[in-house]
Undergrad: 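Pasting a structure here, questions to come.
Because the structure is a prediction, the values reported are computed rather than measured.
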Amino acid sequence: MLMRSFTKREKIILLILVLFLIAGFYFLVIHYPVTTRLEEIESEKLMVEDQTNLAIAKGQVYVNMKNELNDIFAMPFDKITVMPAYDNRSQLFYDYQSIFEGLAPDLRFDKVKIDGNIAQRTVSFTTTVPDFNAAKDFISKLTGTGFRCLLQNITVSPTEGDLENNSIRLSGNIIFYELVTAGE
């Protein structure tokens with residue numbers, strides 16, 4: 001029975017069956033694993049490209065920040081400002097004593113606004129100075145405390161007559177910025 005020879009039809013069917021088995025073996029053992037691995041490699045390649053682009057962007061930000069710092073440190077020392085740690089109120093009061101010395105100012109302190117890690121301390125002021133040069137000196141002292149600040153809404157007006165020969169009333173707002181650390 002084992003020595004029986006196959007008919008032509010049985011040989012064709014067996015040949016087709018062997019071809020199907022070889023094709024199935026090829027797809028299971030070679031094609032699908034290779035295709036899957038190529039897709040994994042492509043996704044890894046895209047991930048590495050994204051990481052590279054992110055690193056390049058971070059590098060550019062770092063270079064820009066370093067250039068800004070170099071520009072800041074190249075400035076004269078009296079022009080460099082810092083953002084002190086929150087609560088810097090006592091140091092500001094000390095500076096105000098020398099700025100407003102002999103002037104009898106009207107000072108109003110607004111509530112401190114905290115946005116993220118930046119605190120904004122707004123001070124409104126009104127004072128009278130003897131002349132225009134004293135007004136310029138007062139404004140330079142007010143903005144030259146060495147702390148990061150923004151002078152807003154400044155009004156310069158003579159108490160009577162013109163600016164050149166009479167005392168001058170100065171009023172405005174100045175915002176001092178302070179850095180809030182995690183513990184505050």
Undergrad: To the nearest 0.5 Å, what is the distance between CD (Q51) and CG (L46)?
TA: 11.5 Å
Undergrad: To the nearest 0.5 Å, how far apart are CZ in R148 and CG in L179?
TA: 10.5 Å
Undergrad: List the atom of T126, the atom of S171, and the distance in Å for their closest heavy-atom pair.
TA: OG1-CB, 3.5 Å
Undergrad: Can you see which heavy atom on F6 is nearest to which on K11, and at what distance?
TA: O-CE, 3.4 Å
Undergrad: So, do L151 and I139 sit near enough that their side-chain heavy atoms are less than 4.5 Å apart?
TA: yes
Undergrad: Let me see the working for F138 and F125 under ring-ring contact (aromatic ring centres under 6.0 Å, His included), right down to the final yes or no.
TA: CA-CA 12 Å; F138 171 80; F125 62 89; 5.8 Å; yes
Undergrad: Under the 3.5 angstrom rule, does the side chain of D115 hit a backbone N or O of I118 as a donor-acceptor pair?
TA: no
Undergrad: Do Q152 and I175 make a side-chain contact, defined as non-hydrogen atoms from C-beta onward lying under 4.5 Å apart?
TA: yes
Undergrad: Any side-chain hydrogen bond (donor to acceptor under 3.5 Å, both in side chains) involving residues 22-38? Give me the pairs, sequence neighbours left out, ordered by first then second residue.
TA: R37-E40
Undergrad: Would you call V63 and Q60 a side-chain contact if the rule is heavy atoms closer than 4.5 Å?
TA: no
Undergrad: Quick one: list whatever passes side chain to side chain contact (heavy atoms under 4.5 Å, CB included) with L54, sequence neighbours left out.
TA: K58
Undergrad: To the nearest 0.5 Å, how far apart are CD1 in I16 and CG in L21?
TA: 12.0 Å
Undergrad: How far does NZ of K136 sit from CG of D131, to the nearest 0.5 angstrom?
TA: 10.0 Å
Undergrad: Who pairs with D110 by salt bridge (charged side-chain N to carboxylate O under 4.0 Å, His left out), at least two apart in sequence or on another chain?
TA: none
Undergrad: Less than 3.5 Å apart, any donor N or O on the side chain of N173 or S124 sitting next to an acceptor on the other?
TA: yes
Undergrad: Tell me the closest heavy-atom pair linking I168 and V156, and the distance in Å.
TA: CG2-CG1, 3.5 Å
Undergrad: Between T122 and F176, is a side-chain contact (heavy atoms from CB on, under 4.5 Å) present by the stated rule, with each step listed?
TA: CA-CA 6 Å; T122 303; F176 288 96; over 6 Å; no
Undergrad: Quick one: do F25 and F27 end up in the same hydrophobic cluster if we chain Ile, Leu, Val, Met, Phe, Trp and Tyr together by side-chain heavy atoms under 4.5 Å apart?
TA: yes
Undergrad: So, do T155 and L170 sit near enough that their side-chain heavy atoms are less than 4.5 Å apart?
TA: no
Undergrad: Can you tell if the side chain of E10 reaches within under 4.5 Å of the side chain of T7, non-hydrogen atoms only?
TA: yes
Undergrad: To the nearest 0.5 Å, what is the distance between CG on N64 and CG on L69?
TA: 11.0 Å
